Protein chains: 2
Amino acid sequence: MIDARLITLRVFARCGTIGATAELTGYSPSAVSAQLRELQRVLGMQLLTKDGRGVRLTATGRFLVAGSDPLIAQWESLRAAAMEAGDQVQLHFGLGGFSTAAAQLLAPLAATLRSTRPLLEVQVLEADPARCFDLLIAERIDLAVIVAMQSDTYGEDDPRFEQTVLLDDPLDVIIPGDHPLASRETATLEELASEPWITAGAGSTYHSLFTAAFTAIGVTPRIAHEAVEWETHIAFVGAGLGVGLLPRLAPLQGAENVVRLRITGKAKPTRRIVAAVRRGSIASPLIQESLGILQVNANRILSARLEDDL
Amino acid sequence: MIDARLITLRVFARCGTIGATAELTGYSPSAVSAQLRELQRVLGMQLLTKDGRGVRLTATGRFLVAGSDPLIAQWESLRAAAMEAGDQVQLHFGLGGFSTAAAQLLAPLAATLRSTRPLLEVQVLEADPARCFDLLIAERIDLAVIVAMQSDTYGEDDPRFEQTVLLDDPLDVIIPGDHPLASRETATLEELASEPWITAGAGSTYHSLFTAAFTAIGVTPRIAHEAVEWETHIAFVGAGLGVGLLPRLAPLQGAENVVRLRITGKAKPTRRIVAAVRRGSIASPLIQESLGILQVNANRILSARLEDDL
DNA sequence: ATCAATCATGCACCTATTGTGCAGGGTAAT
DNA sequence: ATTACCCTGCACAATAGGTGCATGATTGAT
């Protein structure tokens with residue numbers, strides 16, 4: 001119910017460029033440009049200034065964007081309360097998440113919702129955590145399952161979101177089958193410190209997890225290779241190119257010549273998996289139900305592990 | 001920036017019928033109907049139910065409308081703060097008021113604004129107090145100058161508005177020039193209690209002022225005639241049909257055979273003239289400036305009276 | 001009981017908002 | 001200087017959203 005042009009402005013405040021805003025919102029750059037111009041006209045405010053070859057928010061623009069956070073939250077909250085009060089049915093629901101989460105948590109959620117709410121059209125978008133937040137701002141999705149990250153752009157207590165912890169997913173090490181430690185059940189990071197490591201590209205979510213794990217024990221690992229998909233990681237390890245970290249949730253699915261070991265010792269790196277929604281919307285019955293389903297699934301995974309560990 | 005369809009819903013909540021909503025918002029009934037249907041669709045809520053030959057808000061609808069009050073206020077507040085912070089210029093400004101106020105207070109205000117803000121397009125709508133509030137809700141006007149009234153629909157502390165007292169305008173009596181009291185300067189209501197009275201139609205703002213004045217002294221006046229315009233009141237009095245009340249602000253403008261007397265005694269009826277704006281918008285620089293101008297004019301009127309009284 | 005009045009809504013039609021795609025112009029980087 | 005990048009203006013197209021009239025349903029009056 002908040003004017004779409006204001007949403008566009010908020011997305012622009014995140015992206016900084018018209019082009020990126022267009023990509024994120026699904027409009028063309030011309031449309032974004034025209035929308036923002038129109039917004040300035042109806043409000044009688046100058047929100048943008050030319051800045052080099054791009055445009056930049058004015059002080060007024062930044063003020064408006066910052067001030068609109070509580071407005072959005074209040075609307076979400078009102079909408080949620082009305083849905084709750086009226087026992088109404090929602091007809092569209094956008095979910096976002098990264099690959100493993102999408103597979104392990106979002107897919108079952110979507111399936112369950114499809115059966116409990118036949119009228120609901122569920123849409124799942126695979127996207128990395130940062131983009132998930134962007135998509136939440138752009139109102140392209142309503143709920144995201146992501147790896148918690150303390151990036152410089154989105155904090156845990158960002159006024160635009162509310163986050164709920166789903167589960168802590170520990171990282172295992174994967175090593176080649178012919179590695180000296182391959183017959184072990186567990187290993188410490190220190191034991192593997194001098195190995196050639198395979199990691200994700202700098203800037204990705206996993207890279208920061210990776211470096212955090214090693215700075216915790218005061219070691220700078222030697223990075224031999226970079227891979228994007230877990231499947232590639234595993235293949236690299238299987239080819240004997242080095243060792244790597246693999247989240248417990250990511251399946252090893254019959255890989256040749258790769259062994260997975262639990263990490264013990266002081267540094268036990270984990271990734272925290274959280275659900276994020278726009279602030280205010282958490283009271284919505286659909287969100288509540290979804291969070292419940294996610295939590296149940298997360299607990300199922302956790303208890304399966306406990307049995308596994310016995 | 002709040003979706004126009006939500007505004008329409010709010011207006012409907014006031015009016016109760018699609019037709020009245022259309023009239024107030026300036027749309028056609030079909031458009032209002034379509035808008036509300038579309039609103040229900042995008043929100044996935046049932047807001048209206050058939051009720052006889054009309055429609056009625058559902059519980060969800062009422063909930064949503066009530067909950068949207070703070071949302072609107074917050075937006076107005078944000079908008080005002082941004083205008084203030086950015087020193088921006090507004091380009092449209094809608095004013096509303098009833099006849100005397102429009103003439104005595106709104107006209108000078110509009111004139112002043114036209115000179116201080118050449119870019120601003122000022123629009124004045126003449127409407128009675130109740131309709132002014134409706135027009136504020138419908139966002140057709142931004143500021144209204146009205147007679148304070150404790151009607152059943154709009155209270156002084158309505159969450160949708162903020163009101164500022166401009167001046168208290170005393171009511172005088174007007175009597176025919178050949179009346180026994182015509183040579184006096186003042187009179188009490190009691191002295192005139194048995195006269196035939198001329199008043200406004202039941203339901204109008206002035207009618208309630210009129211009755212309030214007489215219930216204060218415990219008298220039920222005999223109502224001889226009803227008139228809408230002050231000019232008609234005056235003409236009736238001039239024709240010797242009875243006596244009437246006339247606000248000090250309303251000019252007697254060379255009427256034949258009519259004398260105006262100040263009212264003294266226990267009951268000194270006055271009408272309180274206030275400015276009303278949508279809640280939150282009062283911090284806007286344009287509103288602030290306008291209220292200042294109105295206040296200056298009101299004080300000018302008051303001091304002119306003081307001189308007059310000497 | 002009939003008739004008229006009152007309301008909402010569906011439909012055909014139209015307008016104008018709002019979108020796209022491409023060309024152009026200004027600015028920074030190589 | 002050349003290239004690459006980003007925003008914007010323009011012609012054009014889609015479509016959301018408007019009006020007016022006819023229709024159907026319901027209430028109140030004659």
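All values below come from the heavy atoms of this structure, side chains included, with hydrogens, waters and symmetry mates left out. Proteins come first, then strands; the chains are lettered A, B, ... in the order of their sequence lines, and each starts at number 1. Model, not experiment: these values are computed from the prediction.
One N or O on the side chain of Ser290(A) and one on the backbone of Leu286(A) form a donor-acceptor pair closer than 3.5 Å. Not one N or O on the side chain of Arg56(B) forms a donor-acceptor pair closer than 3.5 Å with the backbone of Leu48(B). Side chain of Arg279(B) to backbone of Pro159(B): a donor-acceptor contact under 3.5 angstrom is found. No donor-acceptor distance shorter than 3.5 angstrom exists from the side chain of Ser68(B) to the backbone of Leu71(B), with no hydrogens or angles considered.
Here the range on DNA chain D touched by chain B, meaning any atom under 4.0 Å from one of its heavy atoms, is dG18(D) to dT27(D).
For the side-chain hydrogen bond (donor to acceptor under 3.5 Å, both in side chains) test, residues two or more places apart in sequence or in another chain that qualify with Asp69(A) are Arg10(A). Here Asp142(B) pairs with Arg278(B) under the side-chain hydrogen bond (donor to acceptor under 3.5 Å, both in side chains) rule; sequence neighbours left out. Glu23(B) meets the side-chain hydrogen bond (donor to acceptor under 3.5 Å, both in side chains) test with Arg131(B); sequence neighbours excluded. In terms of the ring-ring contact (aromatic ring centres under 6.0 Å, His included) criterion, His92(B) has no residue partners (sequence neighbours excluded). Every residue meeting the ring-ring contact (aromatic ring centres under 6.0 Å, His included) condition with Phe161(B), not counting sequence neighbours, appears here in chain and number order: Phe133(B), Tyr154(B). For Phe98(B), there are no ring-ring contact (aromatic ring centres under 6.0 Å, His included) partners at least two apart in sequence or on another chain. Residues passing the ring-ring contact (aromatic ring centres under 6.0 Å, His included) test with Phe63(A), sequence neighbours excluded: none.
Taking atom CG of residue Leu57(B) and atom P of nucleotide dA8(C), one finds them 12 Å apart after rounding to whole Å.
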Got a list of protein N/O to nucleotides 10-15 of chain C N/O distances below 3.5 Å?
{"unit_1": "dG10(C)", "atom_1": "OP2", "unit_2": "Arg37(B)", "atom_2": "NH2", "d": "3.3"}
{"unit_1": "dG10(C)", "atom_1": "O6", "unit_2": "Ser30(B)", "atom_2": "OG", "d": "3.0"}

Output one line per pair: protein atom, nucleotide atom from nucleotides 23-29 of chain C, and distance, for all N/O pairs under 3.5 Å.
none

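Of all the residues in residues 8-23 of chain B, not one reaches under 4.0 Å from DNA chain D with any non-hydrogen atom.
Among pairs with a residue in residues 30-42 of chain A, those fulfilling side chain to side chain donor-acceptor pair (under 3.5 Å) read Thr8(A)-Gln35(A), Glu38(A)-Arg41(A), at least two apart in sequence or across chains.
For the pair Lys50(B) and Tyr27(A), nearest-nucleotide mapping onto DNA chain C gives the more 5' position to Lys50(B).
Among the atoms of the strands shown, only primed sugar atoms or phosphate atoms (P, OP1, OP2) are found under 4.0 Å from some heavy atom of Gln35(A).
Checked against the 6.0 Å centroid threshold, Trp230(B) and Tyr206(B) count as a close aromatic pair.
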